[in-house]
Enquirer: 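Submitted below is the structure of interest, expressed as structure tokens.
Just so you know, these numbers use all the heavy atoms, side chains as well, and skip hydrogens, waters and symmetry mates. Labels below follow one simple rule: chain letters A, B, ... track the order of the sequence lines, proteins then strands, and each chain is numbered from 1. All figures in this text were calculated on a predicted structure; none of them were measured in a lab.
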Amino acid sequence: MLKQTGLSLLFGALVLTALLKFVFLAPGTTIQNAAPLRWDAGVASDNNPLVEQHGNAATIVLTKAGASFATINLTSFPADSYAFLHLALDQSNTKGEVMLLWNTSESPGEHRSYKLESYSRKSMWLSTRELRGWEGEISSLLLLVAGQEGDTLTINDASLFAPSLQLQLRAIYSDFTAFVPWNRAAVNAHTGATHVSSFYPITLIACWLTLSLVGYSILSVVRASVRFDWRVVGLIFLACWLVVDFSWQNRLVRQLADTYDSFAGKTTKEKLTVGPDAPLYNFMLAVNDQTNSAGSRIFVSSSDHYTGLRGAYYLYPKNVFWTLKGPQVQPGHYLRSGDYIVLLKPNDATIDHEKNTLLASPHDLQIEVLLRDTVGQLVRVN
Amino acid sequence: MDILFVTLALLLPVLLGGLWLNLLVPVGFSGRTALVWGSGTLLGLIAITGLMQLVNALGQPLEFGNIALIAIVLSLPAGLASFKRQRAHKSPPHLISSTRPDISAGARSLFWLMLAILAFRAGTLGLELFWRPLFPWDATMHWATKSRVWFEHRSMIPFATNTEWLRAGGEGLYTDRHPSYPAMIPLLQVWMSLATDRWDESLMNLPWLLAYVALGCAFFGQLRRAGVNSTIAIVFTYLLLSQPLLNTHVALAGYADLFLGATYCGALMALHNWSVTRQPWQGALALLFAGACFFIKNEGAIWPLTLIPAIAAAFLARREAAKLFILLCLIALLLWLVVPKSWIIAGISLNQLQPTFHPDALNGVFVSVFIHDSWHLFGYMLIALVPLSLLMPGALTRTFLPLTVSLASCVGLFLFLFLFTGFGWGAANFTAVGRLSIQLVPGLVFLAALLFNELLNRGGLRLPARPSAQQDVL
């Protein structure tokens, strides 16, 4: 049974590989088998004081909080000739965002970008065909990092390659082993892919499964000694499931390492002060300190739903009001002297700081501004 | 001390549910231990929150000590009776039946491989949950808001809608996005917080890990009870517990969907085994789980209704059951036409259920099941097994009729909700279709396991073979 299972899976893998080569790869390029555009650290560091070259590696250094970039390629090239971009980055010294930026000759003033989702940056293969706006003639290609002062990003490779079966398989492997940290949508769906994945992994595995079952069917028809056995079908299915589950388990383990780095050994308060909502949480801590009068009511408002609901949550068990729908500032007849209003950015509410009034309906409110921050403001109704 | 109290807080629901179920369930069948302690844990978690509501209703503060004491007192008689029975029946429980010498080495290896993978998975998810603070959207919008307030005040202070809160000036009231959601989930978090006497966003979610493991145990045990051999049972338990979205709801705990999925599945499994064996304890278990669904989430008022046609199918001749089903559908249609659309049922306004086809939602459902990796290859398994089952005479229409009827009703309601009502947006943008699927998938995996087992028993697509002992062979 195991031998039949193995042969069927092998058959399926071979046929799938052949399909990848002949069906999904290729035609339509203006330059067939274009030579790779290899990474050159000299190009990145030339005339850029924020990029240091060490051999063929280039390190972007952020001397202050903000963003800095390195040029990957200076010569123009046709987008559809280069189906794969290999990036090898060392991001151990920054947790900031990394983005790919490019312009086209057809629209030189329009910057197109892709924010790297996967954290598997020591080696990742991006399918450029999946990049929105990767078309025409690419006139410039940059890598940008945004972070804190002192952050560094080292580029060990950023080379472009023409399509080939070998690279397609490497890209698929890269997709399978990619790690994208939890985000807010994680509880709703797990796509298994990034925006630059060549395929959704499940569709590939389903193809492999189907072809393997076809292979087993052929085997049982062609070889008289092989009697069709549903247990073999079950084993083939289980093997395919294990492969895709290995990818998932790999992500879970890498996520766990990330979680451990961020949160292990900390109290709840310490975790929240370094977590994804750290700026918001720290602001709400200050709000909590300022809103300790007995019986106080706190109205939280923001035009961003997530910010509003999260900010409100951090204030419980105080008597908090936040609404998903309705005005950001409640009508005046619902408010009374002593109420607190937290205006989290982004926010459509308008404060006149000279007159100390908050624009509201049916009349403006006299307020006292207690806190002001990049995250938002806390005011008290007079 | 924290470790001690956290362990006690997790152990008490297990004992409360497990010990009583241990008395209810007869001895002497494979998978009994897993069934009793898995199902018992799920029921115990719900029962603990029931005790908390009772204590609150009696005007007493929510304190770990008094609730734990009540739980211990309630568990003691069952514990003593179990101990007496254990001494009377001395054979130890078995994971794999060791009375059959013909279990192959391959089957045994596969069994332990599946168990090892599951243990590793549970460990990974458990550590993620243990280190990470509360994360997901709804958890902080309308579940943990209540937990935080009730823990602080040691009392279930009422929550009201935004409008009611504004009109009352917030006096004696709190508000959040969904004030009328059932209290079970917040109370589980309060329970854990009471144990440590502090608000800890990680420890309070440990019941989610417990529910995950309990679901697996109950699932394995009920499959064994249904006559599935241990190897196939553990494989399908692995297929259930390895699905990414289910795992995510453990790691990013705080939602109710995992609990509702486990509870509804518990009802379905017990219903199926009762319909086959007519053993009263399975019937009682099905009713307990079905009733528990109401206390978890608003949808929990709907899914148990799908058991009604299933029970009819178990008792009546198929033709009579079909007539009754059609009659019920016609009554439902009539009610739909005459009931005012402003009515709210299970937290949903009937206005939101006005039928209008949403083609983008169809794409959303398809992508969620067959393109995304939320369920690995489960969607493909279903579309293979269901047609195959139709080719097995009597499989769906006789052997598994009640289960099929229940799940078909469920899937029908699911598709109606997303394809024909205002909730189609939840499928089109993938914000709700996955989470609602968690409530159905465990039951569907159970059916898939039974169908595959039936396929193996028959040796293919032919009339059923005579009943024979299960063989643990590969």
Enquirer: Who among B:F120, B:F430, B:F135 has the most heavy-atom pairs with chain A under 4.5 Å?
Expert: B:F135

Enquirer: Quick check for you: among A:A185, A:G192, A:A264, which has the greatest number of heavy-atom pairs under 4.5 Å with chain B?
Expert: A:A264

Enquirer: Please flag which part of A:D258 lies under 4.5 Å from any non-hydrogen atom of chain B: side chain, backbone, both or neither.
Expert: neither

Enquirer: So what's closer than 4.5 Å to chain B heavy atoms on A:Y260: side chain, backbone, both or neither?
Expert: both

Enquirer: Does the side chain of A:L309 reach to within under 4.5 Å of the side chain of B:D176, using non-hydrogen atoms?
Expert: no

Enquirer: Let me know if A:K325 has heavy atoms under 4.5 Å from chain B in its side chain, its backbone, both or neither.
Expert: side chain

Enquirer: Once the angle between the rings of B:W199 and A:Y313 is folded into 0 to 90°, is it parallel (under 30°), tilted (30 to 60°) or perpendicular (over 60°)?
Expert: tilted

Enquirer: State whether the side chain of B:H372 and the backbone N or O of A:A189 hold a donor-acceptor pair below 3.5 Å, judged by distance alone.
Expert: no

Enquirer: Select one option (side chain, backbone, both, neither) describing which atoms of B:S368 are under 4.5 Å from chain A's heavy atoms.
Expert: neither

Enquirer: If you count heavy-atom pairs under 4.5 Å with chain A, which of B:P133, B:P244, B:G434 comes out on top?
Expert: B:P244

Enquirer: Counting only N and O atoms by type, is there a donor-acceptor contact under 3.5 Å from the side chain of A:T268 to the main-chain atoms of B:E201?
Expert: yes

Enquirer: For A:H190, does its backbone N or O pair with a side-chain atom of B:S374 as donor and acceptor, under 3.5 Å?
Expert: yes

Enquirer: Testing the 3.5 Å rule here: is there a donor-acceptor pair between the side chains of A:N188 and B:T431?
Expert: no

Enquirer: Using a 6.0 Å cut-off, check whether atom NE2 of A:H195 has over 12 heavy atoms from anything other than its own residue.
Expert: no

Enquirer: Quick one: do B:E171 and A:R336 make a salt bridge, cutoff under 4.0 Å?
Expert: yes

Enquirer: Side chain from CB out, backbone as N, CA, C, O: work out which of these in B:A251 comes under 4.5 Å of a heavy atom of chain A, or both, or neither.
Expert: side chain

Enquirer: Which word best sums up how the rings of A:F299 and B:W165 line up, parallel for under 30°, tilted for 30 to 60°, or perpendicular for over 60°?
Expert: perpendicular

Enquirer: Sort B:H376 into side chain, backbone, both or neither according to what part of it lies under 4.5 angstrom from a heavy atom of chain A.
Expert: both

Enquirer: What is the distance from atom CH2 of B:W131 to atom NZ of A:K271, rounded to the nearest 0.5 Å?
Expert: 10.0 Å

Enquirer: CZ of A:F237 to CG of B:L385: how many Å apart, nearest 0.5 Å?
Expert: 8.0 Å

Enquirer: Taking all heavy atoms of B:R121 and all of A:D245, pick out the closest pair and write down the distance.
Expert: NH2-OD2, 2.7 Å

Enquirer: Main chain of A:F321, side chain of B:Y174: is a donor-acceptor contact present, judged purely on distance under 3.5 Å?
Expert: no

Enquirer: So what's closer than 4.5 Å to chain A heavy atoms on B:L436: side chain, backbone, both or neither?
Expert: neither

Enquirer: Given heavy-atom pairs under 4.5 angstrom as the criterion, report whether the side chain, backbone, both or neither of B:F370 touches chain A.
Expert: backbone

Enquirer: Using non-hydrogen atoms only, which part of B:L252 is less than 4.5 Å away from chain A: side chain, backbone, both, or neither?
Expert: both

Enquirer: Relative to chain B, which segment of A:W248 carries a heavy atom at a distance below 4.5 Å: side chain, backbone, both, or neither?
Expert: side chain

Enquirer: For a quick test of reading the model, state the closest non-hydrogen atom pair linking A:Q249 to B:T124 and the distance between them.
Expert: NE2-OG1, 3.3 Å

Enquirer: Chain A heavy atoms under 4.5 Å from B:R177: which part of the residue, side chain, backbone, both or neither?
Expert: side chain

Enquirer: For A:A206, is it the side chain, the backbone, both, or neither that has a heavy atom closer than 4.5 Å to a heavy atom of chain B?
Expert: both

Enquirer: Does B:R167, at its CZ atom, have more than 12 non-hydrogen atoms belonging to other residues, nucleotides or ligands within less than 6.0 Å?
Expert: no

Enquirer: If you look at every heavy atom in B:F452 and A:G234, which pair is closest and at what distance?
Expert: CZ-CA, 3.9 Å

Enquirer: Taking all non-hydrogen atoms of both residues, which atom of A:W182 and which atom of B:T248 are closest, and how far apart?
Expert: CZ3-CG2, 3.6 Å

Enquirer: Would you mind telling me which of A:N183, A:T210, A:V233, A:V232 has the largest number of heavy-atom pairs within less than 4.5 Å of chain B?
Expert: A:N183

Enquirer: So do B:L110 and A:L238 actually touch side chain to side chain, heavy atoms under 4.5 Å?
Expert: yes

Enquirer: Quick check against the 3.5 Å criterion: does B:D373 have a side-chain atom that pairs as donor or acceptor with the backbone of A:A193?
Expert: no

Enquirer: Is any side-chain heavy atom of B:I371 closer than 4.5 Å to a side-chain heavy atom of A:T191?
Expert: no

Enquirer: Using heavy-atom distances under 4.5 Å, tell me whether B:E152 contacts chain A through its side chain, its backbone, both, or neither.
Expert: side chain

Enquirer: So how far is it from B:S242 OG to A:L252 CG, rounded to the nearest 0.5 Å?
Expert: 10.5 Å

Enquirer: What I'd like to find out is whether the side chain of A:V187 reaches to under 4.5 Å of the side chain of B:W137, using heavy atoms alone.
Expert: no

Enquirer: So which of A:D277, A:L242, A:V320 has the biggest tally of heavy-atom pairs under 4.5 Å with chain B?
Expert: A:L242

Enquirer: Where on B:L173 is there a heavy atom nearer than 4.5 Å to chain A: the side chain, the backbone, both, or neither?
Expert: backbone

Enquirer: Counting heavy-atom pairs under 4.5 Å with chain B, which one of A:L335, A:L272, A:L209 comes out on top?
Expert: A:L272

Enquirer: Taking side chain as everything from C-beta outward and backbone as N, CA, C, O, which of these in B:L456 sits under 4.5 Å from a heavy atom of chain A? Side chain, backbone, both or neither.
Expert: side chain

Enquirer: Which atoms of B:F130 are under 4.5 Å from chain A, going by heavy atoms: the side chain, the backbone, both sets, or neither?
Expert: backbone

Enquirer: Within the 4.5 Å heavy-atom criterion, are A:K318 and B:R148 side-chain neighbours or not?
Expert: no

Enquirer: Is the backbone of B:G169 close enough, under 3.5 Å, to the side chain of A:R297 for a donor and an acceptor to pair up by distance?
Expert: yes

